Every structure is written in structure tokens, then in C-alpha cells.
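Below is one structure, written out as C-alpha cells; the observations come after it.
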Amino acid sequence: QVQLVESGGGLVQPGGSLRLSCTASGSIASVYTMGWFRQAPGKQRELVASINSARRTYYADSVKGRFTISRDNAKNTIYLQMNSLTPEDTAVYYCNYMGYLWGQGTQVTVSS
């Protein structure tokens with residue numbers, strides 16, 4: 001089994017930055033993709049960014065140039081650096097492992 005633990009959400013003013021972390025533990029595959037999704041109230045969960053074992057990344061158009069996903073394979077941890085945040089980025093952010101396992105979610109609120 002694999003467990004995911006997220007951290008780093010919170011309240012930030014527009015234009016500010018936050019960094020999310022997600023650590024996987026347990027029976028980690030030797031090659032795996034992890035990513036970040038988000039779900040705003042009344043909206044569907046959407047993919048924000050993902051990264052595979054070769055560090056190939058994908059970003060949703062809405063976050064390109066503002067968010068950066070990275071990973072530390074030694075720690076089985078991925079990060080999401082979020083800059084130039086806007087109120088539209090307000091959502092619960094979920095870490096995802098291999099497309100099937102979800103973290104508990106962390107709230108990100110962008111408000112003045």
C-alpha cells in the first residue's frame with residue numbers, strides 16, 4: 001500500500017506564493033507519475049500539473065508560467081510551487097499517485 005501526506009496549503013493574498021508538498025510512503029513503484037489536482041466549490045476536479053519519473057512535466061494552461069512542479073526521488077516527494085496566485089486558484093488541492101491514489105487534500109485560499 002501507498003500513503004500520501006500533503007502539506008503547505010493556507011491563506012495568501014493575491015499575487016502571493018505558496019508551496020505544496022506531497023510525500024508518498026509504503027510500496028512505492030520504481031517508476032511512477034504523481035500530480036496535483038484541484039477542485040473549487042461547484043466545479044469538477046481538474047489536473048493542475050504532473051511529473052513522471054523522468055521529470056517530464058505537464059501543466060494546465062491556466063497555471064503555465066506561474067506554477068512549477070518538481071520532485072525529489074530520494075524522498076518520494078513532489079512539490080508544487082505556486083506564484084502570482086489569483087482568487088481563481090482558490091480550491092482544495094489534491095496530490096495524486098499513479099492516477100488512482102489521492103491525498104487528503106489541502107485548502108488553498110487566495111483572498112485579500
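Computed from a prediction, not measured in an experiment: that's the story for all the values here. FYI, the numbering just counts along the sequence from 1.
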Report yes if the side chains of [X] and [Y] come closer than 4.5 Å at any heavy-atom pair, otherwise no.
X	Y	answer
Leu18	Leu85	yes
Arg19	Leu80	no
Tyr58	Leu47	yes
Thr33	Asn96	no
Arg38	Glu46	yes

Of Trp102, Tyr93, Tyr94, which is the lone residue that meets ring pair (Phe, Tyr, Trp, His ring centres under 6.0 Å) with Phe37? Trp102

Ser111 (side chain) donor-acceptor with Thr109 (main chain) under 3.5 angstrom: no

Say whether, by atom type as modelled, one donor and one acceptor occur between the side chain of Glu6 and the main chain of Thr106 under 3.5 angstrom. yes

Partners passing salt bridge (charged side-chain N to carboxylate O under 4.0 Å, His left out) against Lys43 (at least two apart in sequence or in another chain): none

Close aromatic pair by centroid cut-off 6.0 Å: Trp36 and Phe67: no

Run Thr23 and Thr77 through side chain to side chain donor-acceptor pair (under 3.5 Å) and show every step you take. CA-CA 4 Å; Thr23 298; Thr77 298; 2.8 Å; yes

Quick one: side chains of residues 7-17, donor-acceptor pairs under 3.5 Å with protein atoms, not counting sequence neighbours, listed by atom name and distance.
from  : atom 1 : to    : atom 2 : distance (Å)
Ser17 : OG     : Asn83 : OD1    : 2.9

What are the two closest heavy atoms between Met82 and Val108, and how far apart are they? CE-CG2, 3.9 Å

For Ile78 and Met34 the tightest heavy-atom approach is CD1-CB, 3.7 Å

Restricting to side-chain contact (heavy atoms from CB on, under 4.5 Å), what partner residues turn up for [X], sequence neighbours left out?
X	result
Thr86	Arg66, Glu88, Asp89
Ile28	Val2, Ala24, Tyr32, Asn76, Tyr97
Arg55	Ile51, Arg71, Asn73

Pairs meeting criterion disulfide (SG to SG under 2.5 Å) with involvement of residues 18-112, two or more places apart: Cys22-Cys95

When hydrophobic residues are tied together by side-chain contacts of less than 4.5 Å, even through go-betweens, does Val48 share a cluster with Leu101?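 Shared cluster, yes.
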
